[in-house]
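The analysis underlying the following values was restricted to heavy atoms, covering all of them including side chains, and did not include hydrogens, waters or symmetry mates.
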Amino acid sequence: MFPLTRNALNQFKIRSIQQLRSRQSHKNHSQDFHDRYGNTVLASGTAFCVVAWVFTATQIGIEWNLSPVGRVTPKEWNDE
């Protein structure tokens with residue numbers, strides 16, 4: 001990197017991700033809602049969606065437009 005560019009970038013007060021992570025790891029981190037219940041909420045939401053889709057797909061009588069090949073036979077032609 002050019003020295004001029006490096007000096008210009010060092011003037012900004014932007015911290016790198018590594019600096020932020022190291023500062024956060026030294027701080028006593030108390031658990032918030034997402035730390036305590038995040039995985040539970042995610043798992044229960046996933047389970048709810050799966051159950052809802054399984055119910056929808058199997059119980060409410062949607063006609064899924066399956067192929068009629070082999071089940072539908074043509075009627076005789078009426079020439080009246």
Side-chain angles (χ1 to χ4, degrees):
M1 187 181 292
F2 296 112
L4 181 62
T5 308
R6 191 175 340 135
N7 288 336
L9 290 176
N10 285 336
Q11 295 297 323
F12 293 119
K13 297 293 181 186
I14 299 173
R15 293 185 185 143
S16 70
I17 294 173
Q18 289 177 342
Q19 288 174 330
L20 288 174
R21 292 299 296 163
S22 67
R23 285 183 184 262
Q24 289 175 353
S25 66
H26 292 301
K27 184 174 73 170
N28 287 336
H29 181 67
S30 63
Q31 287 187 337
D32 61 355
F33 177 83
H34 300 288
D35 291 332
R36 288 184 187 167
Y37 305 112
N39 291 334
T40 305
V41 170
L42 182 65
S44 63
T46 302
F48 175 80
C49 288
V50 167
V51 167
W53 277 106
V54 166
F55 175 79
T56 301
T58 59
Q59 299 297 317
I60 65 172
I62 294 177
E63 182 64 38
W64 291 102
N65 234 0
L66 300 174
S67 175
V69 174
R71 290 185 286 146
V72 175
T73 56
K75 295 181 179 180
E76 290 294 324
W77 183 261
N78 290 334
D79 235 1
E80 294 179 16

Residues that, via side-chain heavy atoms closer than 4.5 angstrom, fall in one hydrophobic cluster with [X]:
| X | result |
| --- | --- |
| Y37 | F33, V41 |
| V54 | V50 |
| F48 | none |

Nearest heavy-atom approach of I60 to T56 is CG1-O, 3.3 Å

Under the ring pair (Phe, Tyr, Trp, His ring centres under 6.0 Å) test, residues paired with F55 that sit two or more places apart: none

